[in-house]
Amino acid sequence: MKLFLTTSLLAAGMVFHVPAAAQSGPGAALSLEQRTALRCSAAFAIIAGAQATGDEKALGYPPLAERGQEFFVRFSAGLMDSKGLTRDAVAAMLRAEAQKMSAAGEVHQVMPSCLLLLEGSGV
């Protein structure tokens, strides 16, 4: 299972490459695994919201309202513990990531890797 997660994260890392110039601010100190989980949490929130409104393309993915939220809750708790961040700081990071991803129209591009990460997480 660990090999599967590592492979998924490496594949996701290729999709989620962050240029050095973009690595400033609160998210700069995050590991690749943490940045990937943050990006996937944002993608899950975007898709779950779109699923709730009946968006056809979003409905093509597995339901994410519960599992996506649970993934984010577990990730957030781990991030707060490991980095000493507040809940508000983590929420702000998620909002910024979701806004950036929405503006770039990237959510559907990252979903295949994020779904692999979700499956490997056991959530």
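- Taking each heavy atom of Gln51 and Leu59 in turn, the nearest pair found is O-CD2, 3.8 Å.
- Applying the salt bridge (charged side-chain N to carboxylate O under 4.0 Å, His left out) rule to Glu106 yields the partners Arg39; only residues at least two apart in sequence or on another chain are considered.
- Note that SG of Cys40 is 11.5 Å distant from CD1 of Ile47, once rounded to the nearest 0.5 Å.
- Side chains of Pro62 and Leu115 form a contact here, defined as non-hydrogen atoms less than 4.5 Å apart.
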Evaluate the criterion side chain to side chain contact (heavy atoms under 4.5 Å, CB included) for residue pair Met101 and Gln109; output intermediate values, then yes/no. CA-CA 10 Å; Met101 192 180 324; Gln109 294 171 341; over 6 Å; no
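- Residue pairs meeting the ring pair (Phe, Tyr, Trp, His ring centres under 6.0 Å) criterion with at least one member in residues 104-123, sequence neighbours excluded: Tyr61-His108.
- Val110 and Ala43 make their closest contact through CG2-CB, 3.9 Å (heavy atoms, listed as atom of the first residue, atom of the second, distance).
- The side chain to side chain contact (heavy atoms under 4.5 Å, CB included) test applied to Arg87 returns Met80, not counting sequence neighbours.
- Under the rule for a side chain to side chain donor-acceptor pair (under 3.5 Å), the partners of Ser82 that lie at least two apart in sequence or sit in another chain are Gln34.
- Considering only residues two or more places apart in sequence or on other chains, Glu70 meets the side chain to side chain donor-acceptor pair (under 3.5 Å) condition with Arg74.
- Under the 4.5 Å side-chain criterion, counting only non-hydrogen atoms from C-beta, Leu79 is not in contact with Leu38.
- Taken from CD1 in Ile46 to OG in Ser41, the straight-line distance is 11.0 Å, to the nearest 0.5 Å.
- The list of ring pair (Phe, Tyr, Trp, His ring centres under 6.0 Å) pairs with a residue in residues 62-95, not counting sequence neighbours, reads Phe44-Phe71.
- The two residues Ser121 and Leu118 come nearest to each other via the heavy atoms OG-O, 2.6 Å.
- Around atom NZ of Lys83, more than 12 heavy atoms belonging to other residues, nucleotides or ligands sit under 6.0 Å away.
- A donor-acceptor pair under 3.5 Å is absent between the side-chain atoms of Glu97 and the main chain of Arg35, judged by distance alone.
- Ala58 approaches Ala50 most closely through the heavy-atom pair CB-CB, 3.5 Å.
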